[in-house]
Amino acid sequence: MALWGGRFTEGPDQRFKDFDDSLKFDYRLALEDIEGSRCWAQALCRALVLTREECDTLQQALDELAQEAASDLKAIAAAPDEDIHSYVERRLIEKVGVLGKKLHTGRSRNDQVALDLKLWTRHAAEDLEQALNALLARLADSAARYTKVYFPGYTHLQRAQPITFTHWILAYAQMFKRDLQRLKNARELLNTCPLGSGALAGTAYLIDREQLALDLGFTCATHNSLDAVSDRDYVMEMLSVASISMVHLSRLAEDLIFYNSGEARFVELSDQVTSGSSLMPQKKNPDTLELIRGKCGRVVGALTGMLVTCKGLPLAYDKDLQEDKERLFDALDTWRDCLLMAALVFEGLKVDEERTREAARGGYSNATELADYLVGKGIPFREAHEVVGKVVLYAISQHKPLEELTLEEFKGFSAVIEKDVYKRLDLETALDVRDVVGGTAPPQSAFEIAVLRDNYPLKKENEDSPSQL
Ligand code: ARG
């Protein structure tokens, strides 16, 4: 049943209907649409458009509908209706007869869909917050395991300075903390209720929009009806938050893919998150991580697509806006899945401490320590840097790490170098001296882990995974 047959003498071409109908994806808004309808019935009752009795009957039928919908949301997608709003209205009329036809008084699908999607996004944001919390808890737990595991820190993919594996994990924890904050900030802007804006000019009935907003869990009503029915900023913003976080996840994935590679062999991924090759029996591929890295493109694509859809779109509602849903649903599902999978990767991760220690030591990653040592002996840093460059060049020609040069060899480059240089070139010392806020020294990591554990406690298995969006 279409909601708009009166003005038409012919039915739509089936091909147009297939092209135009949105129920196949907006069925996911069923519960939000029903909730909006419940509150709209109340608002109409307060405006004396419906009697108390009519309102009660409608609300009861809507409650039933909600229960039915919740039991199998997906089944709704197969119904013949144009969109979720038509579906809910048809089902309501089937339940309560002609009274169901009164509910759309003063309301348009334009303010209805604006409301439904905003409500859905609020729920999704809550689920995503949980997923980020769970990942942060997992990272804190992992970070605590590797405080003594030395690891090569890279710049330009060249071994640069030694760090701990913990320090590397904590770097990503910082990124996900910011993602969580961005999500909370975005959630703040989801606090205004568009219902009661009508098609574009506001509703002609005495609707108490502030009360309606409160009933629906918002803090206030939107303040311009044209804007309210055409605003999809929150979709763009959520996609942007998701995209940034996916970029973080893809960098995390890429780092681990490299660490897990046959060349590096620093870590081993668990069998739970890897797959084999149909041809080469020896292979264990990091599929989870590659998919996380790959899916980043999908989410960033959704953001780009949404921005382009809205660019130059005239006020107020245009059907172009129907293009908001599939990409929002898909991007947020993808983001959530990737957050959960990233947490799973850490659960079974093994680190080869021997190899990482060796690698942390190699590549002349203690050259900065030697420069700092010379600074300690009164040599200006720029000069010290120059001297150490020469020492490194010499050590390379001797195929030796710095700590294996003899004191005589060192003295050939600078007379101030004494026996205590060897202690300074130790891996442990290189870490211990970086005891500044945010540095790789173990006490700094311990502090960061404690902060994370306080804020993101690890939950038990079944508490861990957020409900379906
Ligand atoms: N399915 C539509 C959407 O997703 C609902 C709003 C339809 N409004 C209209 N004036 N045709 O945007």
Side-chain angles (χ1 to χ4, degrees), residues 26 28-70 73 83-89 91-93 95-96 99-127 129 186-235 317 467 469:
D26 68 15
R28 289 182 70 170
L29 301 177
L31 295 176
E32 287 76 11
D33 196 79
I34 295 169
E35 177 61 6
S37 297
R38 282 183 89 266
C39 293
W40 186 244
Q42 264 168 31
L44 286 177
C45 180
R46 280 193 296 264
L48 307 177
V49 176
L50 294 176
T51 64
R52 186 71 259 164
E53 211 189 342
E54 286 175 325
C55 178
D56 289 347
T57 311
L58 282 173
Q59 292 206 323
Q60 205 191 329
L62 285 164
D63 286 346
E64 278 173 34
L65 253 182
Q67 270 184 18
E68 289 163 25
L73 213 56
D83 54 26
I84 189 61
H85 326 295
S86 324
Y87 170 86
V88 171
E89 192 165 321
R91 295 296 318 279
L92 192 62
I93 294 166
K95 281 187 188 291
V96 300
L99 170 61
K101 297 187 179 181
K102 287 192 178 180
L103 183 63
H104 208 52
T105 314
R107 186 174 68 161
S108 157
R109 279 185 296 166
N110 297 353
D111 58 350
Q112 209 176 337
V113 75
L115 169 78
D116 294 1
L117 193 61
K118 219 176 203 182
L119 283 176
W120 185 90
T121 308
R122 287 160 63 105
H123 295 146
E126 279 152 26
D127 270 355
E129 264 188 40
R187 174 74 176 70
E188 277 294 296
L189 282 178
L190 282 164
N191 272 339
T192 55
C193 178
L195 194 59
S197 297
L200 76 161
T203 187
Y205 296 84
L206 283 176
I207 298 294
D208 180 348
R209 290 199 59 222
E210 295 301 345
Q211 185 56 51
L212 178 60
L214 295 180
D215 293 348
L216 282 160
F218 292 93
T219 48
C220 60
T222 52
H223 277 206
N224 182 288
S225 55
L226 281 176
D227 172 53
V229 294
S230 51
D231 166 30
R232 296 292 183 278
D233 293 9
Y234 62 92
V235 175
Y317 177 85
S467 61
L469 292 182

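Not measured: the values here are computed from a predicted model.
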Checklist line | Pair L190-T121, side-chain contact (heavy atoms from CB on, under 4.5 Å): steps then yes or no | finding: CA-CA 8 Å; L190 282 164; T121 308; 4.0 Å; yes

Next item on the list: Starting from the C-alpha separation in whole Å, work towards a yes-or-no answer on side-chain contact (heavy atoms from CB on, under 4.5 Å) for Q112 and D33.
Entry: CA-CA 7 Å; Q112 209 176 337; D33 196 79; 3.1 Å; yes

Check: Taking it one step at a time, do L195 and F218 satisfy side-chain contact (heavy atoms from CB on, under 4.5 Å)?
Finding: CA-CA 11 Å; L195 194 59; F218 292 93; over 6 Å; no

Next item on the list: Go through the steps for T219 and L214 under the test side-chain contact (heavy atoms from CB on, under 4.5 Å), then give the verdict.
Entry: CA-CA 6 Å; T219 48; L214 295 180; 5.7 Å; no

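Nearest heavy atom pair, residue R109 against residue S86, reads NH1-OG, 4.2 Å. Heavy atoms only, all atoms of each residue included: G217 and R122 are closest at O-NH2, 2.6 Å. I84 and D26 make their closest contact through N-OD1, 3.1 Å (heavy atoms, listed as atom of the first residue, atom of the second, distance). The nearest pair of heavy atoms linking L212 to C39 is CD1-O, 3.5 Å. The heavy-atom pair separating A228 from S197 by the smallest distance is CB-OG, 3.3 Å. Looking at every heavy atom in both residues, T192 comes nearest to T222 through OG1-CG2, 3.6 Å.
Around atom CD of Q60, no more than 12 heavy atoms belonging to other residues, nucleotides or ligands sit under 6.0 Å away. The environment of CG in L206 is sparse: at most 12 heavy-atom neighbours from other residues, nucleotides or ligands sit within 6.0 Å.
No side-chain heavy atom of L117 sits under 4.5 Å from any side-chain heavy atom of E32. In this structure, the side chains of Y87 and D83 stay at 4.5 Å or more apart for every pair of heavy atoms. Residues N110 and L200 are not in side-chain contact: their nearest non-hydrogen atoms beyond the backbone lie 4.5 Å or more apart. Considering only heavy atoms from C-beta on, E54 stays 4.5 Å or farther from C45 through its side chain. Taking 4.5 Å as the limit, every side-chain heavy atom of L103 sits out of range of all side-chain heavy atoms of E89. For the pair C193/K118, no side-chain contact is recorded, criterion being any heavy-atom separation below 4.5 Å from C-beta on. By the 4.5 Å heavy-atom criterion applied to side chains, W40 and L115 are not counted as neighbours. Under the 4.5 Å side-chain criterion, counting only non-hydrogen atoms from C-beta, L58 is in contact with L99.
Look at R107 and D111 and you find no salt bridge, because none of the NZ, NE, NH1 or NH2 atoms lies under 4.0 Å from a carboxylate O. The pair R38-D63 counts as a salt bridge, with a side-chain nitrogen and a carboxylate oxygen less than 4.0 angstrom apart. The existence of a salt bridge linking R187 and E126 is confirmed by a sub-4.0 Å separation between a basic side-chain nitrogen and an acidic carboxylate oxygen. Between D116 and R28 there is no salt bridge, since no side-chain nitrogen of the basic residue lies less than 4.0 Å from a carboxylate oxygen of the acidic one. Taking the charged nitrogens against the carboxylate oxygens, E68 and K95 do have a contact shorter than 4.0 Å, which makes a salt bridge.
In this structure, CD1 on I34 lies 9.0 Å from CZ on R91, to the nearest 0.5 angstrom. Put simply, CG on D233 and CG on D231 are 4.0 Å apart, with the number rounded to the nearest 0.5 Å. Distance check, rounded to the nearest 0.5 Å: CG of D215 to CZ of R46 gives 5.0 Å. To the nearest 0.5 Å, atom CZ of residue R52 and atom CD of residue Q59 are 6.5 Å apart. Note that the CG atom of L216 and the CD atom of Q42 stand 9.0 Å from one another [nearest 0.5 Å]. Atom OH in Y234 sits 12.5 Å away from atom CG in L189 (nearest 0.5 Å).
Judged by distance alone, with hydrogens and angles left aside, the side-chain atoms of T203 form no donor-acceptor pair with the main-chain N or O of G196 at under 3.5 Å. Judged purely by atom type and a 3.5 angstrom limit, E210 uses its side chain to pair as donor or acceptor with the backbone of A221.
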